[in-house]
> 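Before we start, here is the structure in question, set down as C-alpha cells.
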2 protein chains.
Amino acid sequence: MSLNNEPKYIQLKEFIKNYISEGQLKADDKLFSEHELANRFQISRHTVRKAIGELINEGWLYQVQGKGTFVANTEGESKRKSKLIGVITTYLKDYIFPDIIYGIDEVLSKEGYTILLGHTNNEFEKERNCLLNMLNNNLDGLIIEPTKSVLPNPNIDIYERFKAEGIPIVFIHAYYNNFEASYVMEDDVLGGYMATRHLIEQGHQRIAGIFKSDDLQGLGRFQGFVQAHREHNLTINEKHILWFSSQDFDPLLLDDAYIQRFIHRLKTCTGLICYNDQIAINMLEILRTQGIHVPGDCAVVGFDNSELAQQGEIKLTTVAHPKEKLGRKAAASLLELINGTKECIQEKMEPELIMRDSTQTTN
Amino acid sequence: MSLNNEPKYIQLKEFIKNYISEGQLKADDKLFSEHELANRFQISRHTVRKAIGELINEGWLYQVQGKGTFVANTEGESKRKSKLIGVITTYLKDYIFPDIIYGIDEVLSKEGYTILLGHTNNEFEKERNCLLNMLNNNLDGLIIEPTKSVLPNPNIDIYERFKAEGIPIVFIHAYYNNFEASYVMEDDVLGGYMATRHLIEQGHQRIAGIFKSDDLQGLGRFQGFVQAHREHNLTINEKHILWFSSQDFDPLLLDDAYIQRFIHRLKTCTGLICYNDQIAINMLEILRTQGIHVPGDCAVVGFDNSELAQQGEIKLTTVAHPKEKLGRKAAASLLELINGTKECIQEKMEPELIMRDSTQTTN
DNA sequence: AATTATTTGTGCGTATGTATC
DNA sequence: AGATACATACGCACAAATAAT
C-alpha cells in the first residue's frame, strides 16, 4: 500500500472496503477508531477522516459521536433490488396482449414485483425509447417482444448494455438473430404445419398463404406451411403466397388494388392460411364481397385464437396462441434467471388447432 | 451569521445555498474561490472546504481542479423527475381495461413517461400492496381506479402519504368519499338515466335493475335509474331491484337459487337494466333458459359497450364507456397536475347510448 | 513555449468541543 | 469523573490543473 501512487486516503478507502467485503466486518460492527487507523497506517487523523467521510457518503459506514465508526447495512443499499420488471410488447390493447400481460403480472405480482409497461408499435425508434427509459430504472429483469424480429435490429447496443449490467432478458414471440438470449415463444413452424396439414387432410390441394415478412413468426409459419406440403408431396405455387410487412399492413387489406390482384391469383385455391386472425377476418370480408363462399369455396385458417375469431358470422378456425400461459411461462423463466437458478432458457410452446366454421366441411 | 450557534461550515452551506436559490448564481457559474470565501467569512480554508464538500455531495456544486467551484445543473439532479406514472386498475385483461390503459399510455408515452402497472382484483389488501409498492418508486403521479369505492377505504393512510409527498393522484371511474382528490369518470347517474329513459320511451313501465352495491358506479347508475322513473312519474318496485357486491359476483350469476328467485320476482317486468355488459350477457343466457324472449318479452340494457356486447346472437344495447378516451383524459389531467397548471380536476364524461338488438322493438 | 498566478487536491499538526460508556 | 471517540476548527505546505501572460 505504501508504494502506491494513489492518494493515501483512497488507499485507505480501498483497504476498508476490502476489509468489509471480505467479511471481516459485518453490518453494525465497529471499525477501528480514527486514531488507531492513523497510527496503523502512519497517516494523519485528518486523512483518515477524509477516507471515512467519503465511505459514509457512499453508504459503507456510519458514525456515532462518542461511540465510533460502524459498518452500514449494505443489504438495502448496494445490493438492493428494484423489484421492477420491464414488459415491452409491440402493441397494447388489441388482440392477445392484454392476456399476455395479465399472465406475466399474475406470476410476477405474487413475488412482489411490479411491471413497468411499454410498447413499441413495432417501430425501432419507439423500441429504443422504451429500452433507454427502462435502463434508467434499475430493472431486475426485462420481458420483451422483438420489433420486426427478422430485420437486423439497430438497438442491439442497448440490449448489450442490459447484458453488461446483468439484467436478464426474456424475449417472447421471437428473438433477434444477432443477440443471444433467453426466449419463450410458440412453435410457429409447428403451428404453420398444423394449420396446413389440417387443410390438406380436409382434401385441399391448392392452398394459398398470406405471411408477414418482417418477423420470425411469419417466417416460421411459412416454414411449417412448406413442411406440410412437402410431407404430403404437394407443390407450392409461389403465386399463391402473399408477403406483407408491418408498414403496409393496414392499406394492404382495405381497398388496395394489390390485394385484388392477389385474390385473382388464388382463384384456383380452395384453402387459405392467414398470418393471424386479423388478416383472416379481413380476408373473410374481402372474399365475401368477391362472392367466394367460406368454407365452401375456400377454407380459411387464422392464427392466435383472438376474440376476433369467435365474433363474426363465420367463426374462424385458428391455431391458438397460448397467450396468458405464454405470459406466465415468460415471467416464471425470468424469475429463474433473476434468481440464478438457470442461465439461459429457450422454450417453444406447442400450439393447438381450434376447428370452427371457416374450415368445417359440414354438408 | 456570526452569533449563530450552528457550526460555521453549516452556516456557510446555508449562505451558498441561498445565494444559488436567490438566482444570484446560475448553473455552471463560478463560485467564489475557497480562499476568497475563507477571507470574506473570516474562517479557515479547511472549514470552507468542508462546507463545499458537503454541497458537492448534495448535488449543489462541482469542482474542477485549477479552475474553481461551480454551480451544478440542478435540473437533472435535485429536482429530478422519475418520469414514472403509476397506473392501478381493478382488473387487467378483461373488458375495458386494455383500452383505458392504452389511452393512458398514448398520452403519457408522448411526454416521455413510463407506466408502472398494477391491479387490485378489487381487493383492499392488493390495493395496499400496489400502493406501497409504487410509493417506493418515486412516482411523478398516479392514476388509480378505486377498489370498492363505496366502502370506507382502509388504505387512505397510504393515499395521504402520496399527498404528503406531493405526488398527484387522478382517480378514474370513481373516488373515495373520505379522500379529496382529482378524478375523471363517466357520468354514471346520467348513464343510468339515459338507459332507463330509453326503455321508458320504448313504452316499458315496469323495469327491473341489477346494480352493484359496493362501488360508486353502481350507486350512480341506480340513482339515474330512479331519476328517470321520477321524471316520468313511474314508481319503482323494490322487489325488482337486485343488489350484489364484488364478492358474490360469480356465484350469483351462474346457478344460484338466489338469481332464480329474482327472475321469478321480475316476471311482470318488460325491461331490465344491468350494471354492466357482463351481467347483461349472463342474464341473456338465464332469460333464454327460462324461455323469456329478448327483446320481445323483456328488453335488456347493459353498460360499458364492451366487446361482449357485440359478440352474441343478441347484440346488446348498452351505455358506452368512453374507455380509451377516459384513459387519455385521465392522463392529460394528471400531466396538468404534475406541471402545476391546475390544482384539482374533477370531471365527468357524458356517456353515449348505443342501441342494438336487445331493446330493438323491430316488429 | 515557458512562466506565473490562481485555484483546487492532498496531507500533516494542533486545539477544543461534545457525546458515549 | 475520566477515558475514548467523533466533531469542529485553525494553520501550514506542497502538488496538480488551469488560464493568462
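Owing to the predicted nature of the structure, the values given are computational and were not obtained by experimental measurement. Below, read A as the first sequence line, B as the second, and so on, with proteins coming before strands; counting in each chain starts at 1.
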> A/Q42 has an atom CD; how far is it from atom P of C/dC12, in whole Å?
10 Å
> For B/K8 and D/dA7, give me the distance from atom NZ to atom P, rounded to whole Å.
19 Å
> Salt-bridge test for A/E14 and A/K17: reply yes if a basic N is under 4.0 Å from a carboxylate O, no otherwise.
yes
> Please name all residues satisfying salt bridge (Lys or Arg N to Asp or Glu O under 4.0 Å) with A/R161, sequence neighbours left out, ordered by chain then number.
none
> Look at the side chain of B/D105 and the backbone N and O of B/I101, then say whether any donor-acceptor pair between them is shorter than 3.5 Å.
no
> Under 4.0 Å: is that the gap between some side-chain N or O of A/K67 and OP1 or OP2 of C/dA19?
no
> Go through residues 45-53 of chain A and report each residue with a non-hydrogen atom lying under 4.0 Å from DNA chain C, sorted by number.
A/H46, A/T47, A/K50
> Within less than 4.0 Å of OP1 or OP2 of D/dC6, is there a side-chain N or O belonging to A/T69?
yes
> When the distance from CD of A/E54 to P of C/dG11 is rounded to whole Å, what number comes out?
11 Å
> Look at the aromatic rings of B/F179 and B/Y159 and report parallel, tilted or perpendicular, splitting at 30° and 60°.
tilted
> Out of D/dA9, C/dT7, C/dC12, which has the shortest distance to the side chain of B/K30?
C/dT7
> Can you sort out the partners of B/E106 under salt bridge (Lys or Arg N to Asp or Glu O under 4.0 Å), two or more places apart, ordered by chain and number?
B/R328
> Suppose we screen for salt bridge (Lys or Arg N to Asp or Glu O under 4.0 Å). Which residues come up paired with B/K13, at least two apart in sequence or across chains?
B/E54, B/E58
> From the list D/dA9, C/dG9, D/dC6, which nucleotide is the closest neighbour of the side chain of B/E34?
C/dG9
> Assert yes or no for the condition that the ring centre distance of A/F32 to A/F41 is strictly below 6.0 Å.
no
> Nearest-Å distance, CG (A/L61) to P (D/dA7)?
12 Å
> What's the closest nucleotide to the B/P7 side chain, out of D/dT8, C/dG11, D/dG11?
D/dT8
> Can you check the B/L37 CG to D/dC10 C1' distance for me, whole Å?
16 Å
> Of B/D157, B/T120, B/N153, B/T147, which meets side-chain hydrogen bond (donor to acceptor under 3.5 Å, both in side chains) against B/R128?
B/D157
> Taking CD1 from A/I43 and C1' from C/dC12, how many angstroms apart are they, rounded to a whole number?
11 Å
> Within less than 4.0 Å of OP1 or OP2 of C/dG9, is there a side-chain N or O belonging to B/Q63?
yes
> Within the sub-3.5 Å range, which N or O atoms of nucleotides 2-6 of chain C have a protein N or O partner, and how far apart are they?
none

> Rounded to whole angstrom units, what separation is found between the OH atom of B/Y9 and the P atom of D/dT8?
3 Å
> The criterion is side-chain contact (heavy atoms from CB on, under 4.5 Å); which residues satisfy it with A/D28, sequence neighbours excluded?
A/Y62
> Provide, to the nearest angstrom, the distance between the CD1 atom belonging to A/I10 and the P atom belonging to D/dA15.
19 Å
